[in-house]
**Q** 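Pasting a structure here, questions to come.
Both backbone and side-chain heavy atoms feed into the values below; hydrogens, waters and symmetry mates do not. Computed from a prediction, not measured in an experiment: that's the story for all the values here.
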Number of protein chains: 2
Amino acid sequence: MTERSYHHGDLRRALLTATAAAIADKGPMALSLRDLARRAGVSHAAPAHHFGDKAGLLTALAAEGYAMLADALSAAGGDLLDSGVAYVRFAIEHRAHFEVMFQPGLYHPDDPGVAAARERADRSLSTALSTRPGHPRDEDAEATQLAAWSLAHGFAALWLSGALSTTTEGDPEALARRVLGQLFQQP
Amino acid sequence: MTERSYHHGDLRRALLTATAAAIADKGPMALSLRDLARRAGVSHAAPAHHFGDKAGLLTALAAEGYAMLADALSAAGGDLLDSGVAYVRFAIEHRAHFEVMFQPGLYHPDDPGVAAARERADRSLSTALSTRPGHPRDEDAEATQLAAWSLAHGFAALWLSGALSTTTEGDPEALARRVLGQLFQQP
DNA sequence: ACCCCATCTTGTCAATGGAAAGATAGGGTG
DNA sequence: CACCCTATCTTTCCATTGACAAGATGGGGT
């Protein structure tokens with residue numbers, strides 16, 4: 001499929017994949033549409049047709065990310081701790097998607113596509129968070145759920161930022177399970 | 001001091017302040033050195049003298065951020081919950097600093113200045129986290145401290161990303177205290 | 001009075017994002 | 001089977017940007 005024809009075949013998908021790789025490598029700041037086009041073997045204006053502009057490309061990436069996160073949370077089953085670990089695993093495995101998703105300034109957050117995907121992910125997340133935690137003071141269910149989300153999100157963000165790499169060394173997923181267990185499983 | 005002399009007087013500070021404002025407004029992506037220079041009333045090459053390049057400017061901003069965070073944590077006193085709230089307050093009040101600090105890809109993380117400032121902030125943070133929490137299963141002190149940090153960091157990140165704005169409305173600090181209390185104060 | 005050096009300016013270049021207008025081809029319709 | 005139609009991609013062009021080089025300015029110390 002590395003044909004040199006006029007039509008690429010699946011430029012949209014190729015660009016999304018290349019974008020994720022580039023962002024995971026150099027960060028969103030160094031992203032260059034022209035460089036993506038070069039690597040895909042198309043002209044520098046080809047991406048514009050599929051995504052409009054740079055923000056449009058990142059919008060599509062964010063939408064894809066929300067869809068994948070929704071799937072990952074659904075697949076995690078009903079256990080809250082497993083869902084939290086799945087959240088962290090998603091952030092690490094799909095670092096570029098995760099980082100873009102939570103920087104709405106990078107894309108068009110009101111785009112219908114990304115909004116729909118986000119709502120689906122929110123529902124999956126809400127379902128996971130609704131599973132009764134051990135037995136904390138759940139007189140404040142909203143705060144409990146926000147805390148669980150914040151804990152998983154914060155661990156993922158700190159890990160991705162490299163802030164934890166000084167002390168920790170091993171498997172992030174095992175560490176995540178230990179850390180999330182501090183809140184998710186009360187004795 | 002709005003003199004029109006050859007020398008600005010305090011270009012470095014003016015640029016840092018303008019940078020923080022610009023990032024808080026439009027995000028790091030839309031940051032333009034030439035625009036900053038225009039607003040400061042200097043030539044487009046003036047910033048280069050003080051910061052080298054764009055990454056250098058953000059390095060200085062990150063260093064300033066770490067210094068301010070260290071001060072904020074120190075000023076919070078010995079209470080863990082208060083420290084957590086101070087962490088969140090810092091993130092919200094100095095959004096641009098916070099966002100840059102935890103995106104090492106934006107600056108020169110190995111710069112001596114920022115490294116020193118980060119170490120000082122790490123010490124302040126470590127001190128705050130060392131205060132015994134209520135009475136959780138602290139057989140795993142490392143996990144407990146990481147959980148506390150992750151919780152505060154995650155709440156701040158989610159708030160800044162706008163992910164919480166759909167459900168919540170009121171004062172972020174009060175909400176933060178409620179959420180952080182889920183882990184920090186065990187009954 | 002003089003020089004030194006931090007600070008700032010002017011001029012230049014390659015790269016980028018984006019817009020406009022045209023080329024190409026593959027598929028459906030008559 | 002010829003034709004058109006539309007999605008896809010290219011070419012051309014422009015303003016903006018980051019970075020660099022070389023020069024101008026002037027304050028402070030000797």
**Q** What is the distance, to the nearest angstrom, from the CG atom on Leu11(B) to the C1' atom on dG27(D)?
**A**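 Interatomic distance, CG of Leu11(B) to C1' of dG27(D): 16 Å.
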**Q** Over how many whole Å does the gap from Phe51(B) atom CZ to dT7(C) atom P extend?
**A**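 That distance rounds to 11 Å.
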**Q** Please set out all donor-acceptor pairs under 3.5 angstrom arising from side-chain atoms of residues 54-62 of chain B, sequence neighbours excluded.
**A**
from, atom 1, to, atom 2, distance (Å)
Lys54(B), NZ, Leu31(B), O, 2.8
Thr59(B), OG1, Ala55(B), O, 2.6
Thr59(B), OG1, His108(B), N, 3.0

**Q** Return the set of residues passing salt bridge (charged side-chain N to carboxylate O under 4.0 Å, His left out) with Arg34(A) (not counting sequence neighbours), or none when no residue passes.
**A** none
**Q** Round to the nearest Å and state the distance from Leu36(A) atom CG to dT16(C) atom P.
**A** 10 Å
**Q** Strictly below 4.0 Å, heavy-atom distances to any atom of DNA chain D: list the hits from residues 103-114 of chain B, or just say none.
**A**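 Of all residues in residues 103-114 of chain B, none places a heavy atom under 4.0 Å from DNA chain D.
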**Q** Which pairs count as salt bridge (charged side-chain N to carboxylate O under 4.0 Å, His left out) when at least one residue sits in residues 57-78 of chain A, sequence neighbours excluded?
**A** Arg13(A)-Glu64(A), Asp71(A)-Arg120(A)
**Q** With salt bridge (charged side-chain N to carboxylate O under 4.0 Å, His left out) as the rule and sequence neighbours excluded, what pairs involving residues 72-98 of chain A come up?
**A** Asp82(A)-Arg177(A), Arg89(A)-Glu173(A), Arg95(A)-Glu99(A)
**Q** Spell out protein contact along nucleotides 11-21 of chain D as letters: B when the base is contacted, S when just the sugar-phosphate is, - when no protein heavy atom is under 4.0 Å; keep the 5' to 3' order.
**A** BBB---SBBB-
**Q** Applying ring pair (Phe, Tyr, Trp, His ring centres under 6.0 Å) as the test, list every pair that has at least one member in residues 14-62 of chain B; sequence neighbours left out.
**A**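 Ring pair (Phe, Tyr, Trp, His ring centres under 6.0 Å) check on residues 14-62 of chain B returns no pairs.
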**Q** List the residues meeting ring pair (Phe, Tyr, Trp, His ring centres under 6.0 Å) with Tyr107(B), not counting sequence neighbours, and say none if there are none.
**A** none
**Q** Rounding to a whole Å, what distance do you find between Leu15(B):CG and dT7(C):C1'?
**A** 12 Å
**Q** Any side-chain N or O of His50(A) below 4.0 angstrom from OP1/OP2 of dC9(D)?
**A**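 For His50(A), the contact criterion (side-chain N or O under 4.0 Å from OP1 or OP2 of dC9(D)) is met.
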**Q** Please state whether the phosphate of dT7(C), meaning OP1 or OP2, lies under 4.0 angstrom from any side-chain nitrogen or oxygen of His49(B).
**A**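 For dT7(C), OP1/OP2 do have a side-chain N/O of His49(B) under 4.0 Å.
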**Q** With Ala72(B), which residues qualify under side chain to side chain contact (heavy atoms under 4.5 Å, CB included), at least two apart?
**A**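 Once residues adjacent in sequence are excluded, Ala72(B) has no partner under the side chain to side chain contact (heavy atoms under 4.5 Å, CB included) criterion.
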**Q** Taking Tyr87(B) for its side chain and Leu73(B) for its backbone only, find out whether a donor-acceptor pair lies under 3.5 Å.
**A**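 Pair absent, no side-chain N/O of Tyr87(B) close to backbone of Leu73(B).
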